[in-house]
2 protein chains.
Amino acid sequence: MPDETHAPAVTPKAAYHHGDLRAQLITAVRGLVEAHGPDGFSVAEAARRAGVSSAAPYKHFKDRHEILRGVVSEAMDRLHAAMEAAAAAQPAGSLDAVAAIGLAYVDFARAEPGVFRLVFGLTEGHENAPDLQQKGESCLGVVVKAVAARLDLHPNDPEVQRRAYILWSFVHGHSFLHIDMKTKVTTAEIDDWEYLMEISRAILAQAARSQS
Amino acid sequence: MPDETHAPAVTPKAAYHHGDLRAQLITAVRGLVEAHGPDGFSVAEAARRAGVSSAAPYKHFKDRHEILRGVVSEAMDRLHAAMEAAAAAQPAGSLDAVAAIGLAYVDFARAEPGVFRLVFGLTEGHENAPDLQQKGESCLGVVVKAVAARLDLHPNDPEVQRRAYILWSFVHGHSFLHIDMKTKVTTAEIDDWEYLMEISRAILAQAARSQS
DNA sequence: GGACTAAAGTTAGCATCTCTAACATGGATT
DNA sequence: AATCCATGTTAGAGATGCTAACTTTAGTCC
(Lines give C-alpha, C1' and ligand atoms only; values in the text may rest on other atoms or scores of the structure.)
Protein backbone atom coordinates (compact mmCIF):
# COMPACT_ATOMS: atom_id res chain seq x y z
CA MET A 1 0.00 0.00 0.00
CA PRO A 2 1.85 3.00 -1.29
CA ASP A 3 -0.33 5.65 0.24
CA GLU A 4 1.71 7.68 2.65
CA THR A 5 -1.09 10.11 3.37
CA HIS A 6 -1.29 9.31 7.02
CA ALA A 7 -1.86 13.01 7.64
CA PRO A 8 -5.61 13.53 7.44
CA ALA A 9 -5.27 17.27 7.03
CA VAL A 10 -5.75 17.74 10.73
CA THR A 11 -2.34 17.03 12.21
CA PRO A 12 0.75 15.68 10.56
CA LYS A 13 0.96 12.94 13.14
CA ALA A 14 -1.67 10.39 13.74
CA ALA A 15 -0.82 6.78 13.04
CA TYR A 16 1.77 5.36 15.38
CA HIS A 17 0.94 2.80 17.91
CA HIS A 18 -2.78 2.86 18.02
CA GLY A 19 -3.99 3.67 14.56
CA ASP A 20 -4.89 7.23 14.83
CA LEU A 21 -6.15 7.91 18.24
CA ARG A 22 -6.83 11.55 17.71
CA ALA A 23 -9.56 11.03 15.16
CA GLN A 24 -10.96 8.12 17.08
CA LEU A 25 -11.22 10.19 20.22
CA ILE A 26 -13.07 12.90 18.40
CA THR A 27 -15.47 10.33 17.06
CA ALA A 28 -15.95 8.89 20.52
CA VAL A 29 -16.59 12.30 22.02
CA ARG A 30 -18.99 13.11 19.26
CA GLY A 31 -20.95 10.03 20.15
CA LEU A 32 -20.92 10.88 23.83
CA VAL A 33 -22.04 14.44 23.23
CA GLU A 34 -24.85 13.19 21.07
CA ALA A 35 -25.85 10.60 23.63
CA HIS A 36 -25.55 12.48 26.89
CA GLY A 37 -25.58 16.12 25.93
CA PRO A 38 -22.83 18.67 25.45
CA ASP A 39 -21.56 18.51 29.02
CA GLY A 40 -22.30 14.87 29.60
CA PHE A 41 -19.01 13.66 28.29
CA SER A 42 -15.80 12.75 30.07
CA VAL A 43 -12.30 12.33 28.77
CA ALA A 44 -12.09 9.10 30.71
CA GLU A 45 -15.13 7.61 29.01
CA ALA A 46 -13.93 8.66 25.59
CA ALA A 47 -10.58 6.99 26.26
CA ARG A 48 -12.37 3.89 27.41
CA ARG A 49 -14.35 3.79 24.20
CA ALA A 50 -11.21 4.16 22.17
CA GLY A 51 -9.60 1.36 24.14
CA VAL A 52 -6.76 3.34 25.65
CA SER A 53 -5.82 4.46 29.12
CA SER A 54 -7.40 7.55 30.56
CA ALA A 55 -4.15 9.48 30.26
CA ALA A 56 -3.58 8.80 26.59
CA PRO A 57 -5.84 11.58 25.30
CA TYR A 58 -3.60 14.16 26.89
CA LYS A 59 -0.88 13.28 24.42
CA HIS A 60 -3.12 14.66 21.69
CA PHE A 61 -5.08 17.36 23.44
CA LYS A 62 -4.04 19.88 26.04
CA ASP A 63 -7.20 19.48 28.08
CA ARG A 64 -10.85 18.53 27.82
CA HIS A 65 -11.73 21.83 26.23
CA GLU A 66 -9.35 21.24 23.39
CA ILE A 67 -11.02 17.92 22.64
CA LEU A 68 -14.35 19.64 22.45
CA ARG A 69 -12.86 22.24 20.18
CA GLY A 70 -11.68 19.41 17.97
CA VAL A 71 -15.18 18.02 17.78
CA VAL A 72 -16.57 21.43 16.99
CA SER A 73 -13.98 22.02 14.31
CA GLU A 74 -14.76 18.75 12.62
CA ALA A 75 -18.47 19.38 12.86
CA MET A 76 -18.16 22.83 11.33
CA ASP A 77 -16.28 21.35 8.43
CA ARG A 78 -19.11 18.95 7.82
CA LEU A 79 -21.71 21.66 8.20
CA HIS A 80 -19.89 23.84 5.74
CA ALA A 81 -19.62 21.00 3.27
CA ALA A 82 -23.32 20.23 3.61
CA MET A 83 -24.24 23.84 2.96
CA GLU A 84 -22.02 24.03 -0.09
CA ALA A 85 -23.37 20.78 -1.46
CA ALA A 86 -26.95 21.90 -0.95
CA ALA A 87 -26.30 25.13 -2.78
CA ALA A 88 -24.48 23.40 -5.59
CA ALA A 89 -27.43 21.09 -6.17
CA GLN A 90 -29.65 24.01 -7.11
CA PRO A 91 -29.49 26.43 -10.03
CA ALA A 92 -27.00 29.21 -9.35
CA GLY A 93 -28.69 32.42 -8.32
CA SER A 94 -32.01 30.73 -7.63
CA LEU A 95 -34.14 31.23 -4.58
CA ASP A 96 -34.05 27.48 -4.20
CA ALA A 97 -30.32 27.64 -3.62
CA VAL A 98 -30.83 29.95 -0.67
CA ALA A 99 -33.57 27.82 0.80
CA ALA A 100 -31.55 24.66 0.23
CA ILE A 101 -28.68 26.05 2.27
CA GLY A 102 -31.09 26.79 5.06
CA LEU A 103 -32.53 23.31 4.88
CA ALA A 104 -29.09 21.78 5.07
CA TYR A 105 -28.51 23.81 8.20
CA VAL A 106 -31.74 22.70 9.81
CA ASP A 107 -31.12 19.11 8.79
CA PHE A 108 -27.74 19.18 10.43
CA ALA A 109 -29.22 20.48 13.65
CA ARG A 110 -31.89 17.82 13.56
CA ALA A 111 -29.48 15.01 12.79
CA GLU A 112 -26.97 15.97 15.46
CA PRO A 113 -28.67 18.17 18.01
CA GLY A 114 -26.03 17.59 20.66
CA VAL A 115 -23.15 18.52 18.43
CA PHE A 116 -25.08 21.42 16.98
CA ARG A 117 -25.66 22.82 20.43
CA LEU A 118 -22.04 22.27 21.25
CA VAL A 119 -20.89 24.15 18.18
CA PHE A 120 -22.87 27.21 19.14
CA GLY A 121 -22.64 26.84 22.87
CA LEU A 122 -18.92 26.64 23.40
CA THR A 123 -17.64 29.29 25.71
CA GLU A 124 -15.12 27.73 28.07
CA GLY A 125 -11.95 27.35 26.09
CA HIS A 126 -13.45 28.92 23.02
CA GLU A 127 -12.48 32.50 23.90
CA ASN A 128 -9.62 32.84 21.50
CA ALA A 129 -10.00 30.25 18.80
CA PRO A 130 -9.48 32.07 15.53
CA ASP A 131 -9.82 28.88 13.52
CA LEU A 132 -13.33 28.25 14.77
CA GLN A 133 -14.23 31.88 14.33
CA GLN A 134 -13.02 31.68 10.78
CA LYS A 135 -14.95 28.52 10.05
CA GLY A 136 -18.06 30.21 11.31
CA GLU A 137 -17.57 33.12 8.99
CA SER A 138 -16.87 30.68 6.24
CA CYS A 139 -20.31 29.17 6.76
CA LEU A 140 -21.87 32.59 6.62
CA GLY A 141 -19.90 33.07 3.43
CA VAL A 142 -21.88 30.33 1.75
CA VAL A 143 -25.09 32.17 2.48
CA VAL A 144 -23.60 35.47 1.38
CA LYS A 145 -22.51 33.96 -1.90
CA ALA A 146 -25.95 32.58 -2.65
CA VAL A 147 -27.66 35.82 -1.69
CA ALA A 148 -25.27 37.84 -3.79
CA ALA A 149 -25.96 35.61 -6.77
CA ARG A 150 -29.68 35.91 -6.22
CA LEU A 151 -29.65 39.69 -5.94
CA ASP A 152 -27.03 40.00 -8.62
CA LEU A 153 -24.87 42.11 -6.37
CA HIS A 154 -21.30 41.88 -5.20
CA PRO A 155 -20.83 39.77 -2.03
CA ASN A 156 -19.28 42.76 -0.33
CA ASP A 157 -22.35 44.88 -0.87
CA PRO A 158 -23.66 45.78 2.60
CA GLU A 159 -27.17 45.05 1.42
CA VAL A 160 -26.13 41.51 0.64
CA GLN A 161 -24.36 41.14 3.95
CA ARG A 162 -27.39 42.40 5.83
CA ARG A 163 -29.88 40.14 4.19
CA ALA A 164 -27.62 37.14 4.46
CA TYR A 165 -27.27 37.81 8.14
CA ILE A 166 -31.02 38.12 8.56
CA LEU A 167 -31.55 34.84 6.80
CA TRP A 168 -28.92 33.16 8.86
CA SER A 169 -30.42 34.50 12.06
CA PHE A 170 -33.77 33.10 11.14
CA VAL A 171 -32.49 29.69 10.13
CA HIS A 172 -30.28 29.54 13.19
CA GLY A 173 -33.13 30.41 15.51
CA HIS A 174 -35.48 28.00 13.81
CA SER A 175 -32.93 25.22 14.15
CA PHE A 176 -32.49 25.85 17.82
CA LEU A 177 -36.15 26.12 18.60
CA HIS A 178 -36.76 23.00 16.58
CA ILE A 179 -34.37 20.83 18.52
CA ASP A 180 -35.33 22.38 21.83
CA MET A 181 -38.98 21.52 21.77
CA LYS A 182 -38.44 18.56 19.53
CA THR A 183 -41.79 16.86 19.41
CA LYS A 184 -43.81 19.52 21.16
CA VAL A 185 -43.84 22.14 18.45
CA THR A 186 -46.39 24.68 19.47
CA THR A 187 -46.91 25.85 15.94
CA ALA A 188 -47.89 22.41 14.76
CA GLU A 189 -46.07 20.59 12.04
CA ILE A 190 -43.96 22.66 9.73
CA ASP A 191 -42.90 21.83 6.25
CA ASP A 192 -39.38 23.13 6.41
CA TRP A 193 -38.95 23.54 2.71
CA GLU A 194 -42.09 25.59 2.19
CA TYR A 195 -41.17 27.51 5.25
CA LEU A 196 -37.65 28.33 4.16
CA MET A 197 -38.77 29.25 0.70
CA GLU A 198 -41.31 31.66 2.10
CA ILE A 199 -38.79 33.31 4.37
CA SER A 200 -36.20 33.55 1.66
CA ARG A 201 -38.72 35.11 -0.62
CA ALA A 202 -39.79 37.60 2.00
CA ILE A 203 -36.28 38.66 2.95
CA LEU A 204 -34.92 38.81 -0.56
CA ALA A 205 -38.01 40.29 -2.12
CA GLN A 206 -37.95 44.04 -1.95
CA ALA A 207 -35.14 45.82 -3.70
CA ALA A 208 -32.33 47.57 -1.91
CA ARG A 209 -33.65 50.40 0.15
CA SER A 210 -31.46 51.19 3.09
CA GLN A 211 -32.62 54.35 4.72
CA SER A 212 -31.34 54.21 8.25
CA MET B 1 -45.46 38.91 63.11
CA PRO B 2 -48.59 37.24 61.90
CA ASP B 3 -47.47 36.47 58.42
CA GLU B 4 -47.14 32.78 58.00
CA THR B 5 -46.24 33.04 54.36
CA HIS B 6 -42.86 31.44 54.70
CA ALA B 7 -43.56 29.76 51.39
CA PRO B 8 -42.11 32.05 48.71
CA ALA B 9 -44.13 30.38 45.98
CA VAL B 10 -41.21 28.13 45.19
CA THR B 11 -41.16 25.59 47.95
CA PRO B 12 -43.02 25.56 51.22
CA LYS B 13 -39.72 25.39 53.07
CA ALA B 14 -36.99 27.89 52.83
CA ALA B 15 -36.17 29.87 55.94
CA TYR B 16 -34.93 27.79 58.82
CA HIS B 17 -31.37 27.89 59.85
CA HIS B 18 -29.64 29.74 57.15
CA GLY B 19 -32.03 32.31 55.87
CA ASP B 20 -33.12 30.81 52.70
CA LEU B 21 -30.36 28.83 51.21
CA ARG B 22 -32.28 27.73 48.20
CA ALA B 23 -32.57 31.17 46.68
CA GLN B 24 -29.05 32.03 47.65
CA LEU B 25 -27.73 28.94 45.91
CA ILE B 26 -29.56 29.81 42.75
CA THR B 27 -28.07 33.28 42.86
CA ALA B 28 -24.62 31.84 43.40
CA VAL B 29 -25.00 29.41 40.53
CA ARG B 30 -26.27 32.17 38.32
CA GLY B 31 -23.12 34.10 39.02
CA LEU B 32 -20.94 31.10 38.35
CA VAL B 33 -22.67 30.30 35.10
CA GLU B 34 -22.26 33.88 33.99
CA ALA B 35 -18.64 33.92 35.01
CA HIS B 36 -17.40 30.56 33.82
CA GLY B 37 -19.94 29.42 31.28
CA PRO B 38 -22.89 27.07 31.49
CA ASP B 39 -20.89 24.01 32.41
CA GLY B 40 -18.24 25.81 34.40
CA PHE B 41 -20.05 25.62 37.66
CA SER B 42 -19.81 23.19 40.53
CA VAL B 43 -22.13 22.50 43.38
CA ALA B 44 -19.17 22.67 45.71
CA GLU B 45 -18.23 26.16 44.61
CA ALA B 46 -21.80 27.36 44.86
CA ALA B 47 -22.01 26.01 48.39
CA ARG B 48 -18.76 27.72 49.22
CA ARG B 49 -20.11 31.01 47.99
CA ALA B 50 -23.21 30.60 50.06
CA GLY B 51 -21.10 29.81 53.10
CA VAL B 52 -22.35 26.30 53.71
CA SER B 53 -20.87 22.84 53.51
CA SER B 54 -20.68 21.09 50.18
CA ALA B 55 -23.40 18.66 51.15
CA ALA B 56 -25.95 21.27 52.17
CA PRO B 57 -27.27 21.94 48.67
CA TYR B 58 -28.53 18.39 48.46
CA LYS B 59 -31.10 19.14 51.11
CA HIS B 60 -32.74 21.48 48.63
CA PHE B 61 -31.96 19.94 45.28
CA LYS B 62 -31.88 16.34 44.17
CA ASP B 63 -28.74 16.77 42.09
CA ARG B 64 -26.75 19.30 40.13
CA HIS B 65 -29.17 19.20 37.25
CA GLU B 66 -32.00 20.25 39.48
CA ILE B 67 -30.05 23.29 40.61
CA LEU B 68 -29.52 24.29 37.01
CA ARG B 69 -33.17 23.80 36.34
CA GLY B 70 -33.85 26.14 39.22
CA VAL B 71 -31.64 28.79 37.68
CA VAL B 72 -33.30 28.34 34.32
CA SER B 73 -36.74 28.57 35.83
CA GLU B 74 -35.91 31.79 37.59
CA ALA B 75 -34.32 33.22 34.48
CA MET B 76 -37.33 32.39 32.35
CA ASP B 77 -39.54 34.19 34.80
CA ARG B 78 -37.41 37.28 34.45
CA LEU B 79 -37.31 36.98 30.68
CA HIS B 80 -41.05 36.66 30.54
CA ALA B 81 -41.49 39.69 32.77
CA ALA B 82 -39.11 41.73 30.64
CA MET B 83 -40.98 40.84 27.49
CA GLU B 84 -44.32 41.71 29.02
CA ALA B 85 -42.99 45.00 30.35
CA ALA B 86 -41.51 45.92 27.00
CA ALA B 87 -44.80 45.23 25.25
CA ALA B 88 -46.78 47.13 27.83
CA ALA B 89 -44.63 50.20 27.35
CA GLN B 90 -45.77 50.54 23.76
CA PRO B 91 -49.18 51.26 22.24
CA ALA B 92 -51.26 48.11 22.08
CA GLY B 93 -51.39 46.64 18.61
CA SER B 94 -48.48 48.73 17.40
CA LEU B 95 -45.53 47.48 15.43
CA ASP B 96 -43.38 49.04 18.11
CA ALA B 97 -44.79 46.64 20.65
CA VAL B 98 -43.62 43.67 18.59
CA ALA B 99 -40.18 45.16 18.06
CA ALA B 100 -39.93 46.07 21.74
CA ILE B 101 -40.52 42.49 22.76
CA GLY B 102 -37.75 41.42 20.44
CA LEU B 103 -35.44 44.05 21.86
CA ALA B 104 -36.13 42.89 25.39
CA TYR B 105 -35.19 39.40 24.31
CA VAL B 106 -31.95 40.49 22.72
CA ASP B 107 -31.14 42.68 25.69
CA PHE B 108 -31.58 39.77 28.02
CA ALA B 109 -29.24 37.64 25.96
CA ARG B 110 -26.70 40.42 25.91
CA ALA B 111 -26.96 41.11 29.62
CA GLU B 112 -26.71 37.49 30.69
CA PRO B 113 -25.21 35.48 27.86
CA GLY B 114 -24.24 32.59 30.09
CA VAL B 115 -27.69 32.18 31.57
CA PHE B 116 -29.30 32.73 28.20
CA ARG B 117 -27.28 29.94 26.72
CA LEU B 118 -28.11 27.77 29.68
CA VAL B 119 -31.81 28.37 29.28
CA PHE B 120 -31.77 27.19 25.70
CA GLY B 121 -29.01 24.67 26.03
CA LEU B 122 -30.28 22.49 28.82
CA THR B 123 -30.58 18.90 27.83
CA GLU B 124 -29.31 16.72 30.66
CA GLY B 125 -32.01 16.71 33.26
CA HIS B 126 -34.34 18.81 31.18
CA GLU B 127 -35.96 15.88 29.38
CA ASN B 128 -39.19 15.89 31.29
CA ALA B 129 -39.63 19.27 32.86
CA PRO B 130 -43.14 20.37 32.06
CA ASP B 131 -42.81 23.54 34.07
CA LEU B 132 -39.93 24.79 31.95
CA GLN B 133 -41.69 23.73 28.80
CA GLN B 134 -44.69 25.69 29.89
CA LYS B 135 -42.69 28.78 30.73
CA GLY B 136 -41.17 28.65 27.28
CA GLU B 137 -44.57 28.55 25.67
CA SER B 138 -45.61 31.34 27.93
CA CYS B 139 -42.84 33.49 26.50
CA LEU B 140 -43.96 32.68 23.00
CA GLY B 141 -47.42 33.64 24.16
CA VAL B 142 -46.30 37.22 24.69
CA VAL B 143 -45.20 37.43 21.08
CA VAL B 144 -48.37 35.77 19.88
CA LYS B 145 -50.46 38.24 21.81
CA ALA B 146 -48.69 41.23 20.30
CA VAL B 147 -48.85 39.81 16.80
CA ALA B 148 -52.54 39.04 17.16
CA ALA B 149 -53.19 42.58 18.30
CA ARG B 150 -51.21 43.95 15.43
CA LEU B 151 -52.96 41.87 12.80
CA ASP B 152 -56.28 42.22 14.53
CA LEU B 153 -56.77 38.48 14.55
CA HIS B 154 -57.46 35.94 17.25
CA PRO B 155 -54.36 34.56 18.97
CA ASN B 156 -55.40 31.08 17.94
CA ASP B 157 -55.41 31.97 14.29
CA PRO B 158 -52.77 29.78 12.62
CA GLU B 159 -51.59 32.76 10.64
CA VAL B 160 -50.81 34.55 13.87
CA GLN B 161 -49.08 31.51 15.31
CA ARG B 162 -46.96 31.13 12.22
CA ARG B 163 -45.80 34.70 12.04
CA ALA B 164 -45.14 34.86 15.74
CA TYR B 165 -42.99 31.78 15.42
CA ILE B 166 -41.10 33.26 12.50
CA LEU B 167 -40.43 36.41 14.46
CA TRP B 168 -39.32 34.47 17.47
CA SER B 169 -37.00 32.35 15.36
CA PHE B 170 -35.37 35.41 13.97
CA VAL B 171 -34.95 37.15 17.30
CA HIS B 172 -33.72 33.97 18.90
CA GLY B 173 -31.16 33.39 16.18
CA HIS B 174 -30.04 36.98 16.23
CA SER B 175 -29.57 36.84 19.98
CA PHE B 176 -27.46 33.73 19.77
CA LEU B 177 -25.33 34.96 16.92
CA HIS B 178 -24.90 38.24 18.72
CA ILE B 179 -23.51 36.74 21.90
CA ASP B 180 -21.47 34.17 20.03
CA MET B 181 -19.38 36.51 18.00
CA LYS B 182 -19.70 39.31 20.49
CA THR B 183 -17.34 41.96 19.26
CA LYS B 184 -16.53 40.42 15.91
CA VAL B 185 -19.82 41.02 14.17
CA THR B 186 -19.24 40.36 10.53
CA THR B 187 -22.12 42.51 9.47
CA ALA B 188 -20.70 45.54 11.18
CA GLU B 189 -22.57 47.46 13.83
CA ILE B 190 -26.27 46.92 13.98
CA ASP B 191 -28.84 49.21 15.42
CA ASP B 192 -31.05 46.62 17.04
CA TRP B 193 -34.12 48.75 17.15
CA GLU B 194 -34.07 49.70 13.50
CA TYR B 195 -33.27 46.14 12.73
CA LEU B 196 -36.13 44.66 14.68
CA MET B 197 -38.57 47.20 13.36
CA GLU B 198 -37.61 46.32 9.81
CA ILE B 199 -37.99 42.62 10.38
CA SER B 200 -41.28 43.02 12.15
CA ARG B 201 -42.54 45.14 9.33
CA ALA B 202 -41.43 42.60 6.75
CA ILE B 203 -42.93 39.61 8.50
CA LEU B 204 -46.19 41.25 9.47
CA ALA B 205 -46.65 43.17 6.27
CA GLN B 206 -48.44 41.10 3.69
CA ALA B 207 -51.92 39.93 4.51
CA ALA B 208 -52.84 36.36 5.22
CA ARG B 209 -52.10 34.20 2.23
CA SER B 210 -51.39 30.63 3.13
CA GLN B 211 -51.19 28.59 -0.02
CA SER B 212 -49.15 25.53 0.85
C1' DG C 1 -42.61 24.26 79.83
C1' DG C 2 -40.96 19.70 78.10
C1' DA C 3 -40.78 15.83 74.77
C1' DC C 4 -41.30 14.61 70.00
C1' DT C 5 -40.69 15.38 64.96
C1' DA C 6 -38.83 16.85 61.00
C1' DA C 7 -36.18 20.31 58.44
C1' DA C 8 -31.67 21.91 57.53
C1' DG C 9 -27.11 21.69 58.37
C1' DT C 10 -22.46 19.12 59.45
C1' DT C 11 -18.63 15.71 58.88
C1' DA C 12 -16.87 11.42 56.73
C1' DG C 13 -16.21 8.88 52.86
C1' DC C 14 -16.60 6.35 48.22
C1' DA C 15 -16.40 6.51 43.38
C1' DT C 16 -15.13 9.19 39.59
C1' DC C 17 -12.92 12.62 36.96
C1' DT C 18 -9.09 15.83 35.28
C1' DC C 19 -4.58 16.30 34.61
C1' DT C 20 0.59 15.59 35.74
C1' DA C 21 4.78 12.93 36.44
C1' DA C 22 7.68 9.23 35.55
C1' DC C 23 8.45 5.37 33.03
C1' DA C 24 8.09 2.07 28.74
C1' DT C 25 8.00 1.09 23.80
C1' DG C 26 8.55 1.03 19.18
C1' DG C 27 8.99 3.70 14.32
C1' DA C 28 11.58 6.64 11.80
C1' DT C 29 15.92 8.87 10.80
C1' DT C 30 20.73 8.89 10.56
C1' DA D 1 22.56 -0.42 14.67
C1' DA D 2 21.92 3.53 17.74
C1' DT D 3 19.22 7.21 18.89
C1' DC D 4 15.27 10.17 19.39
C1' DC D 5 10.85 11.35 20.12
C1' DA D 6 6.00 10.55 19.50
C1' DT D 7 2.83 7.72 21.70
C1' DG D 8 1.39 4.86 25.04
C1' DT D 9 1.33 3.03 30.15
C1' DT D 10 0.73 3.11 35.40
C1' DA D 11 0.51 5.81 39.77
C1' DG D 12 -1.26 9.42 42.11
C1' DA D 13 -2.74 14.25 43.78
C1' DG D 14 -6.59 17.18 44.09
C1' DA D 15 -11.50 18.21 43.23
C1' DT D 16 -16.06 16.90 42.52
C1' DG D 17 -20.93 14.55 42.95
C1' DC D 18 -23.55 12.44 45.97
C1' DT D 19 -24.84 9.33 50.07
C1' DA D 20 -24.93 7.96 54.91
C1' DA D 21 -25.09 8.97 59.60
C1' DC D 22 -25.04 12.24 63.04
C1' DT D 23 -26.25 17.01 65.18
C1' DT D 24 -28.78 21.07 65.83
C1' DT D 25 -32.73 23.95 65.75
C1' DA D 26 -37.70 25.35 65.09
C1' DG D 27 -42.31 24.33 65.41
C1' DT D 28 -46.10 21.34 67.59
C1' DC D 29 -48.78 18.94 70.92
C1' DC D 30 -49.73 17.83 75.56
Side-chain angles (χ1 to χ4, degrees), chain A residues 1-8 10-29 32-33 35-71 122 124-125, chain B residues 1-8 10-29 32-33 35-71 122 124-125:
Chain A
M1 52 188 82
D3 80 320
E4 297 262 38
T5 61
H6 42 40
V10 183
T11 21
K13 48 199 169 177
Y16 279 73
H17 296 103
H18 177 270
D20 64 338
L21 183 57
R22 189 192 153 91
Q24 216 161 319
L25 280 173
I26 288 185
T27 301
V29 170
L32 286 172
V33 165
H36 308 121
D39 42 332
F41 104 101
S42 73
V43 177
E45 177 64 21
R48 222 170 285 131
R49 284 201 178 191
V52 296
S53 74
S54 64
Y58 295 96
K59 297 293 174 175
H60 294 270
F61 301 93
K62 182 170 140 287
D63 55 20
R64 74 195 308 276
H65 302 307
E66 191 167 301
I67 302 185
L68 284 180
R69 248 177 291 147
V71 174
L122 258 208
E124 314 291 296
Chain B
M1 52 188 81
D3 82 320
E4 296 262 37
T5 61
H6 42 40
V10 184
T11 22
K13 48 201 169 174
Y16 280 70
H17 297 101
H18 177 271
D20 66 337
L21 183 58
R22 190 192 153 91
Q24 215 160 319
L25 280 173
I26 287 184
T27 300
V29 170
L32 285 172
V33 165
H36 309 120
D39 41 333
F41 103 101
S42 73
V43 177
E45 177 63 22
R48 221 170 284 131
R49 285 201 178 191
V52 295
S53 74
S54 64
Y58 296 95
K59 296 294 174 177
H60 294 270
F61 301 92
K62 182 170 142 286
D63 55 21
R64 73 196 306 279
H65 302 307
E66 192 166 301
I67 302 184
L68 284 179
R69 249 177 291 147
V71 174
L122 256 208
E124 314 291 299

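Letters A, B, ... are given to chains in the order of the sequence lines, protein chains preceding strands, and every chain is numbered from 1. On a predicted model such as this, the values are computed, not experimentally measured, just so you know.
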Set of side-chain contact (heavy atoms from CB on, under 4.5 Å) partners for A:F61, sequence neighbours left out: A:R22, A:L25, A:I26, A:E66, A:I67

Reported CD-to-NE2 distance for the pair A:Q24 and A:H60, which is rounded to 0.5 angstrom: 10.5 Å

Closest non-hydrogen contact found for B:A47 with B:S54 is CB-CA, 3.9 Å

Atom CG of A:D39 and atom C1' of D:dT16: how far apart are they, to the nearest Å? 15 Å

Between P of D:dT16 and NE2 of B:H36, the distance in whole Å: 12 Å

Roughly how many Å is it from NZ in A:K59 to P in D:dT10, rounded to a whole number? 13 Å

What are the two closest heavy atoms between A:Y58 and A:D63, and how far apart are they? CE2-CA, 4.1 Å

Show me the protein contacts with nucleotides 17-20 of chain C, counting only N or O atoms at under 3.5 Å.
{"residue": "C:dC17", "atom": "OP2", "partner": "A:R48", "partner atom": "NH2", "Å": "3.0"}
{"residue": "C:dT18", "atom": "OP1", "partner": "A:V43", "partner atom": "N", "Å": "3.0"}
{"residue": "C:dT18", "atom": "OP2", "partner": "A:V43", "partner atom": "N", "Å": "3.2"}
{"residue": "C:dT18", "atom": "OP2", "partner": "A:A44", "partner atom": "N", "Å": "3.0"}
{"residue": "C:dC19", "atom": "OP2", "partner": "A:Y58", "partner atom": "OH", "Å": "3.1"}
{"residue": "C:dC19", "atom": "OP2", "partner": "A:R64", "partner atom": "N", "Å": "2.9"}

I'd like to check the side-chain contact (heavy atoms from CB on, under 4.5 Å) partners of A:A56; sequence neighbours left out, ordered by chain and number. A:L21, A:V52, A:S53

Enumerate the salt bridge (Lys or Arg N to Asp or Glu O under 4.0 Å) contacts for residues 45-60 of chain A, please, sequence neighbours excluded, ordered by first and then second residue. A:E45-A:R48, A:E45-A:R49

Check the distance between D:dC18's P and B:H60's NE2 and give it to me in whole angstrom. 16 Å

